[in-house]
Amino acid sequence: MASNSTKSFLADAGYGEQELDANSALMELDKGLRSGKLGEQCEAVVRFPRLFQKYPFPILINSAFLKLADVFRVGNNFLRLCVLKVTQQSEKHLEKILNVDEFVKRIFSVIHSNDPVARAITLRMLGSLASIIPERKNAHHSIRQSLDSHDNVEVEAAVFAAANFSAQSKDFAVGICNKISEMIQGLATPVDLKLKLIPILQHMHHDAILASSARQLLQQLVTSYPSTKMVIVSLHTFTLLAASSLVDTPKQIQLLLQYLKNDPRKAVKRLAIQDLKLLASKTPHTWSRENIQALCECALQTPYDSLKLGMLSVLSTLSATIAIKHYFSIVPGNVGSSPRSSDLVKLAQECCYHNNRGIAAHGVRVLTNITVSCQEKDLLPLEQDAVFGLESLLVLCSQDDSPGAQATLKIALNCMVKLAKGRPHLSQSVVETLLTQLHSAQDAARILMCHCLAAIAMQLPVLGDGMLGDLMELYKVIGRSATDKQQELLVSLATVIFVASQKALSAEVKAVIKQQLESVSNGWTVYRIARQASRMGNHDMARELYQSLLTQVASEHFYFWLNSLKEFSHAEQCLTGLLEENYSSALSCIAESLKFYHKGIASLTAASTPLNPLSFQCEFVKLRIDLLQAFSQLICTCNSLKTSPPPAIATTIAMTLGNDLQRCGRISNQMKQSMEEFRSLASRYGDLYQASFDADSATLRNVELQQQSCLLISHAIEALILDPESASFQEYGSAGTAQADSEYERRMMSVYNHVLEEHTACLCNAIIALLKVPLSFQRYFFQKLQSTSIKLALSPSPRNPAEPIAVQNNQQLALKVEGVVQHGSKPGLFRKIQSVCLNVSSTLQSKSGQDYKIPIDNMTNEMEQRVEPHNDYFSTQFLLNFAILGTHNITVESSVKDANGIVWKTGPRTTIFVKSLEDPYSQQIRLQQQQAQQPLQQQQQRNAYTRF
């Protein structure tokens, strides 16, 4: 079974062919490159990107690119084109080329060819390498020379290379700017070439003077060449230059608004709208009130729906940013516009009921953003307009299952969630509208509406009870077909029901859900609903669903996975029977829960594979088991105060030992142990948090809450029982111990015991209260949306991992650490790596047989460096000292730091061995000293014998 699952995983991952190490794979491709058949050579070339992806370290990439450069130098144009495509696909690996000079030399030799196509491919190749050779003067010269070529293919390639080098090199940009200007303004340059040359000016942003000169040239072009194509290309280049230089953005916004208002050509207006949207998303703080007002006036005046839609999309982007507050702010000397009377609100109100769905959606979004961001008292009419607009849009789009209608519906539902969060008093009417519309909507719309209801119910749990009745009626009458939409709808509706029912599901609700699922043959749907039940804490429902799926899986590992989930749900279900102040039943419930948890962890371990080790799941469950055991032990400790109270001489013992806590008897030591155990559990939860770099925020919050519950109990133990200030209320009478030996002592002890019992009862009630909250198994327990791993390579490295590297003790070892960050299908979904922290430490494992006195400067090595990965690659070096002779163990451990400065212990941890040997010179001197000492010792022995 395991081999089959492994094979299928490799097939899915694209590793179906025979696995080879890096050198063997490179040799195989090299054979293809040296083949006499063109087809085999091309096949070998196009397989290089896959090789780079699999072995992304410089030593292989350098060798591979040198081989490709040889092919480029001696091959035909088709092979050169293949090498060019491989280079463009492998752009992020280019900086790993170690012999850049040799690589470029082989490529550059083709620039002197008589074939203009070969020269064109070479220019494109040089342009693709601009990131690693930005300041190569021979490349700069070749590009300038080729711009004057009479061959169109070569000129186009030179334009491509010039654009890439301008983006990377300030010197090239300054030098080529005048050349580009002359060519654009020259009468001999064809118009189509001018259109290709103008976009190069967008890269002239390296300094203010260069940007200013490029801007002046573009300004001349816009006025001198009023044709549609020239104006469109010039304006767009203008916008990209302003967005990069950040200096002239307000002027660019005014220029675009001017063209939008005055130019009669639709294509120019569309381009202006497109560029305004770009500037609205990149620099919303540069928009003034006058700019937004001018855009509103244009939108109110235009008779064309397509242009109105574009302008409204710009306004809706701005309405979600700081620009909307600038628009409604009151400036000194200028009366700020009221939200109710402004042109922006007037435009949005007009568009809310437009017959074009897109226009209506943007109008509603603008109204919603104004309502949420402007916290004023007299916004009731505006709120009502927003709600009515959303309702009408919901009715319109829920009946249509076309992609456009669904996209519009998503906008409306997002606005509803935002409105319910920003204005909670409107949430009831929003929910009622959604529930009413659910019955008549299409299935695709119903799914989206269910997601919206779930989001609102998560924000405002008080609305959950009101939803439940309508949702159950809909669940009963829903269709039973096996289409994908119906299956998705079943899952979405069940999720809303789980969210809406705050406590355990009633028997009626469970019966309805199970009855519907029995008619569904799709086991995946049942599993998804069970997963949602586990996430929402409805463990009784989840257990029954997991139980029904056990016999429907074909893999042994899937069976053990489902069985473990069933046992965990059963274990959590046992804790629902806890009663306050009934400590004996609490102990039995915890014991029963632990029994099922131990069964579940055994199944979970059996479900793990080398490819999917389930490390987070196993650690999370182990921590839950240890937490339940700690709770059980603490309740037993609290109960022992009644069964085994402090002895009568406890006070005398406490005074003798000088430890006031001994008045409590042996419970004080037990409480100390419990407190330490809870602190240890909190520390382990913290380690699990730090190791879960790829987890979603809800999962991390769940782990954090478990950690805080451990800290809460440990703090409660310390504050209620172990804190000396609260426990030492008898120390004031310590001077008159003889008088307080009888009735006074007994009465004080009874009061103290009463207080202690109250405190222990408080602890037990806190434990029961914590356990009565159902544990939530969050998304990361079931599903990994983001995948990030680091692969390290150390050099020097031994051929055999167990074989040590030999180093002389008077020398330092230069350890080079290289690493590659590997991502899954959605890199950076939750967080991105800002820097990698490498920690190198060495420990002496065994000394050599003879221990000589050697001057030791550094007994151990402990170093740390932070490196920022570039294109998912990083490298650094450490100098390590091994003065002590013997075998040393070097450990390199990596952790990452995200954009928020949080450190995550992602690993990996790599170990190599180093053997420190005595250097020959010291060894020779030591041997000479030993030889010189031997005759002296023999002479001393001879003298002793003579005396004897």
Side-chain angles (χ1 to χ4, degrees), residues 238-257 260 271-300 307-331 334 336-352 358-376 379 382-383 385-386 389-390 407-408 410-423 455 459 899-900:
F238 227 152
T239 303
L240 294 175
L241 179 64
S244 300
S245 60
L246 301 176
V247 178
D248 299 309
T249 309
K251 291 181 184 176
Q252 183 63 21
I253 293 171
Q254 290 175 2
L255 180 66
L256 291 170
L257 287 170
L260 179 63
L271 186 276
I273 290 170
Q274 174 190 330
D275 286 356
L276 283 169
K277 188 164 186 181
L278 172 69
L279 294 175
S281 57
K282 287 193 78 171
T283 56
H285 56 282
T286 58
W287 285 70
S288 65
R289 185 179 187 283
E290 289 74 21
N291 297 148
I292 300 176
Q293 183 66 28
L295 191 58
C296 291
E297 290 172 1
C298 288
L300 285 168
L307 296 179
K308 183 172 282 192
L309 176 62
M311 295 179 210
L312 273 169
S313 70
V314 178
L315 289 170
S316 71
T317 303
L318 287 170
S319 67
T321 64
I322 191 69
I324 196 70
K325 294 192 176 179
H326 290 169
Y327 182 73
F328 290 116
S329 62
I330 298 175
V331 183
N334 183 18
S337 68
S338 167
R340 294 175 58 186
S341 59
S342 66
D343 284 345
L344 181 60
V345 173
K346 181 183 174 186
L347 173 66
Q349 287 170 336
E350 273 186 20
C351 295
C352 274
I359 293 176
H362 286 305
V364 166
R365 182 190 273 176
V366 171
L367 271 183
T368 304
N369 288 333
I370 293 172
T371 305
V372 172
S373 60
C374 298
Q375 302 293 331
E376 295 186 12
L379 284 182
L382 209 58
E383 292 173 358
D385 286 339
L390 286 170
T408 307
K410 283 182 183 177
I411 294 175
L413 295 175
N414 282 331
C415 290
M416 284 183 170
V417 174
K418 194 170 185 179
L419 199 63
K421 185 179 180 182
R423 301 280 178 169
Q459 290 175 2
N900 297 323

Q: Hey, what do you get for CD1 (Ile324) to OG (Ser319), rounding to the nearest 0.5 Å?
A: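 Here the rounded value is 5.5 Å.
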Q: Begin with the C-alpha distance, continue with both residues' side-chain angles, and end with the deciding distance and a verdict on side-chain contact (heavy atoms from CB on, under 4.5 Å) for Leu240 and Leu278.
A: CA-CA 9 Å; Leu240 294 175; Leu278 172 69; 3.9 Å; yes
Q: Is there side-chain contact between Leu241 and Asp248, with heavy atoms separated by less than 4.5 Å?
A: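 A side-chain contact is absent here, since even the closest heavy-atom pair is not under 4.5 Å.
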Q: Indicate the atoms forming the closest heavy-atom contact of His285 with Ile322, along with that distance.
A: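 Minimum heavy-atom contact is CA-CG2, 4.1 Å.
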Q: To check you understand the geometry: which heavy-atom pair defines the closest contact between Ala323 and Pro284, and what is its length?
A: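 Heavy-atom minimum between the residues: CB-O, 3.7 Å.
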Q: Going through the checks in order, is the side-chain contact (heavy atoms from CB on, under 4.5 Å) test met by Ile292 and Phe328?
A: CA-CA 11 Å; Ile292 300 176; Phe328 290 116; over 6 Å; no
Q: Hey, can you pull the donor-acceptor pairs under 3.5 Å for the side chains in residues 309-318, sequence neighbours left out?
A:
{"unit_1": "Ser313", "atom_1": "OG", "unit_2": "Gly310", "atom_2": "O", "d": "2.6"}
{"unit_1": "Ser316", "atom_1": "OG", "unit_2": "Leu312", "atom_2": "O", "d": "3.4"}
{"unit_1": "Ser316", "atom_1": "OG", "unit_2": "Ser313", "atom_2": "O", "d": "2.9"}
{"unit_1": "Ser316", "atom_1": "OG", "unit_2": "His362", "atom_2": "ND1", "d": "3.2"}
{"unit_1": "Thr317", "atom_1": "OG1", "unit_2": "Ser313", "atom_2": "O", "d": "2.8"}

Q: Verify side-chain contact (heavy atoms from CB on, under 4.5 Å) between Leu271 and Thr239, making sure each step is shown before the conclusion.
A: CA-CA 10 Å; Leu271 186 276; Thr239 303; 5.9 Å; no
Q: Quick one: pull up CG in Leu344 and CZ in Arg289 and give me the separation to the nearest 0.5 Å.
A: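 Taking CG in Leu344 and CZ in Arg289, the distance rounds to 10.0 Å.
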Q: For Leu307 and Ile273, what are the C-alpha separation, side-chain angles and deciding distance, and is it a side-chain contact (heavy atoms from CB on, under 4.5 Å)?
A: CA-CA 8 Å; Leu307 296 179; Ile273 290 170; 4.0 Å; yes
Q: Roughly how far, to the nearest 0.5 Å, is the SG atom of Cys298 from the CD atom of Gln293?
A: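 So the gap between those two atoms works out to 10.5 Å.
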Q: Which value, rounded to the nearest 0.5 Å, describes the distance between Trp287 atom CH2 and Thr321 atom OG1?
A: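 That separation rounds to 9.5 Å.
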Q: Given side chains that start at C-beta, do those of Glu350 and Leu300 come closer than 4.5 Å, heavy atoms only?
A: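 Yes, their side chains come closer than 4.5 Å.
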Q: Quick one: does any side-chain atom of Asn369 pair with a main-chain N or O of Val366 as donor and acceptor, under 3.5 Å?
A: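 Pair absent, no side-chain N/O of Asn369 close to backbone of Val366.
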Q: Closest approach of Leu367 and Cys352, non-hydrogen atoms and distance?
A: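 Scanning both residues completely, I find the closest heavy atoms to be CD1-SG, 3.3 Å.
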Q: Within the 4.5 Å heavy-atom criterion, are Asn414 and Arg365 side-chain neighbours or not?
A: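 They are not in contact (no side-chain heavy atoms under 4.5 Å apart), so the answer is no.
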Q: Just how far is it from atom CD1 of Ile370 to atom OH of Tyr327, taken to the nearest 0.5 Å?
A: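 With rounding to 0.5 Å, CD1 (Ile370) is 8.0 Å from OH (Tyr327).
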Q: For the residue pair Ala272 and Leu260, what are the closest heavy atoms and their distance?
A: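 Smallest heavy-atom distance, with atoms named: CB-CB, 4.2 Å.
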Q: Can you confirm whether Cys351 sits close enough to Leu347 that some side-chain heavy atom of one is under 4.5 Å from a side-chain heavy atom of the other?
A: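 In contact.
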Q: So how far is it from Gln349 CD to Asp385 CG, rounded to the nearest 0.5 Å?
A: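 Between atom CD of Gln349 and atom CG of Asp385 there are 4.5 Å.
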Q: Do Met416 and Leu413 have side-chain heavy atoms sitting under 4.5 Å apart?
A: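 Heavy-atom side-chain distance check passes, below 4.5 Å.
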Q: Do Arg423 side-chain atoms and Glu383 backbone N/O form a donor-acceptor pair below 3.5 Å?
A: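 No; zero donor-acceptor contacts below 3.5 Å.
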